[in-house]
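Just so it is clear, the structure is predicted and the values come from calculations on it, not from any experiment. Here is the naming used below: chain letters follow the sequence lines, and residue numbers restart at 1 for every chain.
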Number of protein chains: 2
Amino acid sequence: MSHPSYNQFCPVAMASEILGSRWTIVLVRELCAGSTRFNDLRRGVPRMSPALLSKRLKELEHQGIVERRLVRKIPETFEYVLTPAGCELRDVIMAIGEWGQKWVQTSPILENADPGLLMWDMRRNLRVDLMPQRRVVVHFIYENLPEASGNWLVLTDPEKGADLCSADPGFDVDLFVRCDLKSMTAIWTGIDTVPRAVSEDRLLLVGDSDVSASMQDWLGLSPFAGIEKQAS
Amino acid sequence: MSHPSYNQFCPVAMASEILGSRWTIVLVRELCAGSTRFNDLRRGVPRMSPALLSKRLKELEHQGIVERRLVRKIPETFEYVLTPAGCELRDVIMAIGEWGQKWVQTSPILENADPGLLMWDMRRNLRVDLMPQRRVVVHFIYENLPEASGNWLVLTDPEKGADLCSADPGFDVDLFVRCDLKSMTAIWTGIDTVPRAVSEDRLLLVGDSDVSASMQDWLGLSPFAGIEKQAS
DNA sequence: CCGTATCCGGGGGGATACTG
DNA sequence: CAGTATCCCCCCGGATACGG
């Protein structure tokens with residue numbers, strides 16, 4: 001936030017002084033979601049320039065919201081973790097997200113969603129416990145998108161969660177998911193479902209029938225998926 | 001928020017697109033607190049220029065958060081009231097305020113607080129039911145401030161709440177409150193109390209002993225006053 | 001892999017004055 | 001009372017390239 005500040009003793013204004021600058025809330029959301037490394041944060045906030053990301057992280061550190069920790073000496077590697085003050089921002093993030101899910105029109109944004117970000121969000125919330133306890137490879141193919149963006153979801157070790165590949169990892173594919181990005185995004189945000197998209201031919205599943213049949217379940221949804229939209 | 005938007009389907013980002021622009025959260029807070037008229041809003045957000053206030057109100061109206069209603073024809077008079085979507089922003093405001101009260105350092109802002117804003121906030125939360133049921137006049141005198149800013153709190157009709165005057169209303173004064181602006185602000189935000197400020201000679205009360213003795217009670221505090229500060 | 005450095009443009013918004 | 005109108009500066013932040 002710029003220098004001629006709000007200058008109000010109201011705690012709402014004081015907090016806004018910190019949280020109101022561009023990208024800050026979105027970044028904190030990604031931190032709350034669990035990303036700690038610089039490049040992981042970048043994946044969660046892909047349209048933010050690294051320069052600005054670095055700047056915001058410094059600000060958050062300065063404000064006692066984030067702690068920057070050295071995790072390895074060579075090569076020098078850091079992680080950014082929320083302090084107690086930062087952790088309590090979860091309540092703020094949740095309140096904002098719940099309101100957004102309920103009241104903000106989604107359609108304009110669905111039009112040009114980001115496949116990389118969607119995969120990144122899906123990966124995080126995967127219910128690996130509901131997937132077969134072996135290596136599982138799911139290949140997402142988004143129509144009308146430059147073929148360049150391959151999207152493989154690779155579950156090797158249930159303990160470690162899934163990996164994301166943008167190039168063919170070479171494994172046999174258990175399930176091909178072919179759909180438009182808009183539908184997949186709508187499913188993840190809870191305003192559409194796998195069965196409905198399949199029945200309306202917006203989603204095509206080819207492969208292992210078990211993995212296919214349970215997709216709505218193992219595909220963890222957005223934390224706000226349960227909230228009904230009210231926007232006119 | 002500017003045009004190159006976040007472009008994220010995450011509801012936190014979508015909501016931030018609306019709420020993230022400068023002054024918006026602070027303005028919504030004032031709307032939640034009950035102000036509906038343009039000039040009342042100005043008093044609650046004194047450092048915001050009328051041009052920007054007008055612009056933000058239009059944006060909020062466009063986004064379905066505020067409704068602009070004509071209340072009188074001559075002179076043309078409008079009021080701004082929160083829509084259902086706007087009312088539900090109260091949860092967001094509260095979450096932000098609670099976090100701010102708990103974790104944001106207050107001291108820098110206490111230094112140059114705004115007496116007009118403080119009076120405006122105090123007036124709103126006055127516990128008129130705990131004041132004598134007759135006309136009560138309290139004259140606040142802030143030391144080290146240009147004498148120009150007189151601050152009379154006038155309770156005429158308990159039904160209608162109190163009035164604020166910047167010029168001597170001419171009534172007999174029931175209580176003189178003499179203090180530095182910093183102490184009074186600290187009291188209102190709950191990090192100080194009337195008795196303590198009095199005992200430390202930062203607050204001087206002269207006048208009706210009943211009104212004086214019950215000041216800590218009839219002076220309604222900030223909605224966030226109960227939350228303990230944790231900031232280092 | 002984890003950032004930093006630099007450039008540069010657009011526009012947000014602060015200040016001030018004014019009007020129906 | 002309820003806003004408009006105008007000016008103009010500053011700085012945010014987007015883009016790109018580069019270093020440890």
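- If you measure from atom CZ of Arg56(A) to atom P of dT4(C), you get 14 Å, rounded to the nearest angstrom.
- Rounded to whole Å, the distance from CG on Leu41(A) to P on dG3(C) is 9 Å.
- Nucleotide dC12(D) holds its P atom 17 Å from the CG atom of Leu53(A), rounded to whole Å.
- Look at Asn39(A) and you'll find a side-chain N or O under 4.0 angstrom from OP1 or OP2 of dC2(C).
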Please test Glu67(A) against Thr83(A) for side-chain hydrogen bond (donor to acceptor under 3.5 Å, both in side chains), starting from the C-alpha separation and ending with a verdict.
-> CA-CA 6 Å; Glu67(A) 187 190 341; Thr83(A) 63; over 6 Å; no

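- For the pair Glu79(B) and Arg37(B), the salt-bridge criterion is not met [side-chain N within less than 4.0 Å of a carboxylate O].
- Residue Pro75(A) is out of contact with every strand shown, counting any heavy-atom pair closer than 4.0 Å.
- For Trp23(B), a side-chain nitrogen or oxygen approaches OP1 or OP2 of dG14(C) to under 4.0 Å.
- Here the C1' atom of nucleotide dG11(C) and the CZ atom of Arg22(A) are 12 Å apart, to the nearest Å.
- Taking side-chain N and O atoms only, Tyr80(A) has a distance below 4.0 Å to OP1 or OP2 of dG3(C).
- What separates CG of Leu52(B) from C1' of dC7(D) is a distance of 16 Å, to the nearest Å.
- Using a 4.0 Å heavy-atom criterion, one finds that Arg68(B) contacts the sugar-phosphate atoms exclusively.
- At whole-Å resolution of the value, CE in Met48(A) and P in dG13(D) are 8 Å apart.
- In this structure, the side chains of Trp103(B) and Lys229(B) stay at 4.5 Å or more apart for every pair of heavy atoms.
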